[in-house]
Asker: 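Dropping a structure here in structure tokens format, bear with me for questions.
Sequential numbering from 1 along the given sequence is applied to the chain's residues. These numbers come from the heavy atoms of this one structure, side chains and all, not from hydrogens, waters or symmetry mates. Each ligand, and each atom within it, is numbered from 1 in the order the structure gives.
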Amino acid sequence: MALSELLADMESLPTLAWVSPALTAVAVILVALFSGYRKSPKGFNVPTLGEDSQMRYVQEADFKNTIFQVLTPDGPRLFLPRKFANELKPFKRHEASGMKALADRHLGHYTTIDHESDVMLGAIKIDLNRNLGLFVGDVEQEVSHCFKTNFPSCEEWTPVDLHETLLRVVAQASARIFVGYPMCRNDEWLECSTKFALDVMTGGEKLKLWHPWLRPFAQYWIPEMRQIRGDHQRALDLLMPELKKRAAEARQPDAPPRQDMIAWMQQRAQKLGDKSFDYKELANLQMLTATAAIHTTRLAIIHALYDIAARPEYIAPLREEIREVTRDTNGILQKQHLTQMRKLDSFMKESQRHSPPSVATYQRKAMIPIDLSNGFHIPKGTIVQCNTNILDETPAAWGEPHAFDGFRFYRLRENPEDTNRFQFASPSYDSMQFGFGNDACPGRFFASNQIKIILSYILSNYDIKFEESVKGRPKNFMFEVNVMADPTVKVLFKKL
Ligand code: HEM
């Protein structure tokens with residue numbers, strides 16, 4: 001962190017207003033000097049790659065069969081060949097934890113995301129998944145409302161920044177199920193629940209620049225770190241009127257049961273006898289759920305739209321499938337239609353195969369010492385991640401591994417024995433974009449539905465293409481192990 005940046009941050013720090021300027025300057029200089037200090041982390045006896053290695057790792061096939069490490073100030077990160085995911089799979093979450101690995105990666109102890117909740121996991125895994133079908137019409141309505149109120153009219157070809165516009169669409173459509181109507185249209189809530197994730201990511205990255213010993217102090221200098229605490233309070237304040245309204249409603253005899261994530265979390269907490277669950281915890285869990293759900297889903301839609309715009313030959317068959325499956329309801333989406341959209345499902349899966357959320361979607365923190373079959377010892381506390389994006393290892397039956405074949409999974413499912421396999425939301429050893437094993441993403445069915453509803457809305461209402469200047473599919477770029485869509489590209493939309 002540059003000293004000037006640090007000083008600018010400090011100036012805006014109200015709690016230090018009483019400290020004399022001279023003392024503050026000394027403190028800043030000492031802290032800045034110390035922050036440059038890096039104790040070289042103790043590593044393993046395996047090849048070590050430099051800081052840029054995670055990008056190279058994806059490209060270098062040599063590492064398919066080799067364990068290697070990247071040294072970070074927080075200790076070595078071990079990269080394992082994909083086959084080891086099979087060995088780690090049987091371990092329970094208290095032995096090899098995906099959540100803890102993720103929390104550590106974003107300094108969750110400071111950024112508040114190191115918070116595992118049975119209430120939240122149960123509400124997603126059981127209640128959300130069981131009730132998904134109820135919401136297809138509601139979500140479609142929200143998507144349509146959002147496009148009508150927040151999207152340019154697109155009477156002519158109009159450039160659209162998908163990163164920005166889809167954030168609102170996905171946030172509002174998700175909030176319909178997370179906090180219900182009318183809260184899902186509350187601008188402040190949508191802003192708060194989406195900004196929290198960005199504060200966590202940015203705050204965590206800025207804090208990582210500081211030596212671990214200095215982080216307890218440095219957290220107060222970083223604006224995003226301070227905002228995280230504000231985000232939690234603001235979420236509670238914004239939700240409070242809705243929660244009070246519901247509490248009053250529940251006291252009425254014959255009050256109809258609510259169906260949304262607020263209600264499911266409250267019911268789960270009661271079932272589990274969770275005494276620590278209160279309005280504050282509920283607001284925190286809503287923020288965590290939104291964090292897991294919104295940016296991942298938005299990114300998958302952006303990748304799919306880039307893939308469609310780069311390959312316009314897919315537009316007609318996808319549009320035809322949507323028209324065909326919704327013929328019986330005059331274009332109104334129903335639950336069964338989403339299952340029937342097999343070409344769209346296949347396209348989404350192929351898009352995700354080429355542009356996964358990360359090249360290490362299977363990561364675990366060893367909560368106990370673990371020995372691999374090759375004799376490699378993983379000490380307790382180590383974070384390991386598997387290379388989950390090796391296109392070369394695509395099974396031969398799937399066809400040309402490197403080609404973009406939007407309907408490859410559609411064709412594979414034509415085999416009667418495989419009709420329920422190869423779906424977007426089916427993780428497997430060869431398809432780990434949603435992780436793998438018992439702790440694979442519990443929100444994948446929800447994400448699959450949301451993406452289908454949003455993509456089918458776009459395909460049914462707009463023509464899309466890239467600006468002339470864009471040649472081919474824009475290249476993704478990497479941030480650590482994460483795969484990002486090029487944010488500088490705009491897609492042109494024109495109303496049908
Ligand atoms: C396209 C969208 C999404 C992608 C690509 C994605 C990807 C992932 C991945 C790779 C994991 C790690 C799995 C593992 O370690 O094996 C994960 C975990 C998780 N995801 Fe998602 N996710 C998406 C959408 C969602 C949504 C919509 C929700 C909530 C409704 C959600 C909630 C979670 C939670 C709570 C976990 C942690 C599960 C656990 O620790 O047991 N995700 N996700």
Side-chain angles (χ1 to χ4, degrees), residues 82 85-86 88-94 96-106 108 113-132 135 139 166 170-171 173-179 193 197 260-261 264-265 285-304 345 348-349 351-353 355-365 367 383-386 388-389 424-429 431-455 481-485:
R82 189 173 60 124
N86 272 329
L88 292 171
K89 191 177 157 197
F91 287 93
K92 304 264 181 294
R93 59 190 301 131
H94 63 274
S97 167
M99 204 77 135
K100 286 281 175 209
L102 183 83
D104 275 20
R105 165 159 266 143
H106 297 292
I113 64 162
D114 190 2
H115 184 65
E116 192 153 340
S117 158
D118 288 341
V119 170
M120 176 177 135
L121 281 178
I124 299 175
K125 276 188 180 166
I126 305 168
D127 307 305
L128 174 67
N129 287 334
R130 190 180 284 160
N131 292 301
L132 269 183
F135 291 96
V139 171
L166 282 176
V170 174
S174 309
R176 178 66 186 82
I177 309 186
F178 294 166
V179 290
S193 59
D260 59 27
M261 193 68 88
W264 299 326
M265 283 178 173
L285 295 184
Q286 282 290 338
M287 299 280 271
L288 284 176
T289 309
T291 299
I294 294 170
H295 298 275
T296 45
T297 306
R298 171 181 67 148
L299 192 58
I301 301 175
I302 296 173
H303 281 306
D345 193 276
M348 285 156 48
K349 194 174 179 72
S351 172
Q352 206 190 35
R353 195 175 76 86
S355 305
S358 137
V359 296
T361 44
Y362 189 78
Q363 51 177 325
R364 295 289 179 263
K365 179 170 182 177
M367 309 304 284
I383 294 186
V384 296
Q385 45 219 321
C386 293
T388 53
N389 186 43
F424 178 70
S426 329
S428 68
Y429 177 68
S431 205
M432 286 198 217
Q433 289 80 8
F434 282 111
F436 188 47
N438 269 342
D439 298 333
C441 175
R444 60 192 189 273
F445 305 102
F446 169 85
S448 174
N449 279 12
Q450 302 289 89
I451 297 170
K452 279 183 189 162
I453 295 171
I454 294 169
L455 284 180
V481 286
N482 304 310
V483 181
M484 318 300 286

Asker: Would you mind reporting whether Ile124 and Met261 have side-chain heavy atoms less than 4.5 Å apart?
Answerer: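 Met261 reaches Ile124 side chain to side chain.
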
Asker: Side chains of Ile177 and Trp264, heavy atoms from C-beta outward: is any pair under 4.5 Å?
Answerer: yes

Asker: For atom 10 (C) of ligand 1, grab the closest protein heavy atom and report residue, atom and distance to one decimal in Å.
Answerer: Gln433 O, 3.5 Å

Asker: What protein heavy atom sits nearest atom 37 (C) of ligand 1, and how far off is it?
Answerer: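 Atom 37 (C) of ligand 1 sits closest to the protein heavy atom Met99 SD, 3.8 Å.
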
Asker: Kindly indicate whether the side chain of Val139, heavy atoms from C-beta on, has any atom under 4.5 Å from the side chain of Gln450.
Answerer: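 Yes, side chains in contact.
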
Asker: Could you tell me whether the side chain of Arg93 reaches within less than 4.5 Å of the side chain of Glu116, counting heavy atoms only?
Answerer: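 A side-chain contact exists here, since the closest heavy-atom pair is under 4.5 Å.
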
Asker: At a 4.0 Å threshold, what atoms of ligand 1 neighbour a non-hydrogen atom of Pro357?
Answerer: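 So the atoms of ligand 1 that pass are 5 (C).
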
Asker: For atom 15 (O) of ligand 1, grab the closest protein heavy atom and report residue, atom and distance to one decimal in Å.
Answerer: Arg364 NH1, 2.6 Å

Asker: Is the charged tip of Arg444 near the ring of Phe424: under 6.0 Å from the six-membered ring centre and within 45° of its axis?
Answerer: no

Asker: Could you tell me whether Gln363 and ligand 1 have an N or O pair separated by under 3.5 Å?
Answerer: no

Asker: Which atoms of the protein, restricted to N, O or S, are nearer than 2.8 Å to atom 21 (Fe) of ligand 1?
Answerer: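 Within the sphere that stays under 2.8 Å of atom 21 (Fe) of ligand 1, the protein atoms of type N, O or S are Cys441 SG.
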
Asker: Quick test: of every protein heavy atom, which one is nearest to atom 41 (O) of ligand 1, and how far off is it to 0.1 Å?
Answerer: Arg93 NH1, 2.7 Å

Asker: With atoms numbered from 1 as shown, which atoms in ligand 1 lie under 4.0 angstrom from a non-hydrogen atom of Phe446?
Answerer: 27 (C), 30 (C)

Asker: Under 3.5 Å, sequence neighbours excluded: what are the donor-acceptor pairs made by side chains of residues 295-302?
Answerer:
from: His295; atom 1: ND1; to: Arg298; atom 2: NH2; distance (Å): 3.3
from: His295; atom 1: NE2; to: Thr194; atom 2: O; distance (Å): 3.2
from: Thr296; atom 1: OG1; to: Ala292; atom 2: O; distance (Å): 2.8
from: Thr296; atom 1: OG1; to: Ala293; atom 2: O; distance (Å): 2.9
from: Thr297; atom 1: OG1; to: Ala293; atom 2: O; distance (Å): 2.6
from: Arg298; atom 1: NH1; to: His163; atom 2: O; distance (Å): 2.5

Asker: Which ligand 1 atoms does Phe436 reach within 4.0 Å, using its non-hydrogen atoms?
Answerer: 16 (O)

Asker: At the 4.0 Å heavy-atom cut-off, does Glu116 count as touching ligand 1?
Answerer: no

Asker: For ligand 1, is Gln352 a contact, meaning one of its heavy atoms is under 4.0 Å away?
Answerer: yes

Asker: Any atoms of ligand 1 less than 4.0 Å from a non-hydrogen atom of Ala440? List them with their elements.
Answerer: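 That gives atoms 13 (C), 16 (O) of ligand 1.
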
Asker: Name the closest protein heavy atom to atom 12 (C) of ligand 1, giving the residue it belongs to and the distance to 0.1 Å.
Answerer: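 Atom 12 (C) of ligand 1 sits closest to the protein heavy atom Thr361 O, 4.0 Å.
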
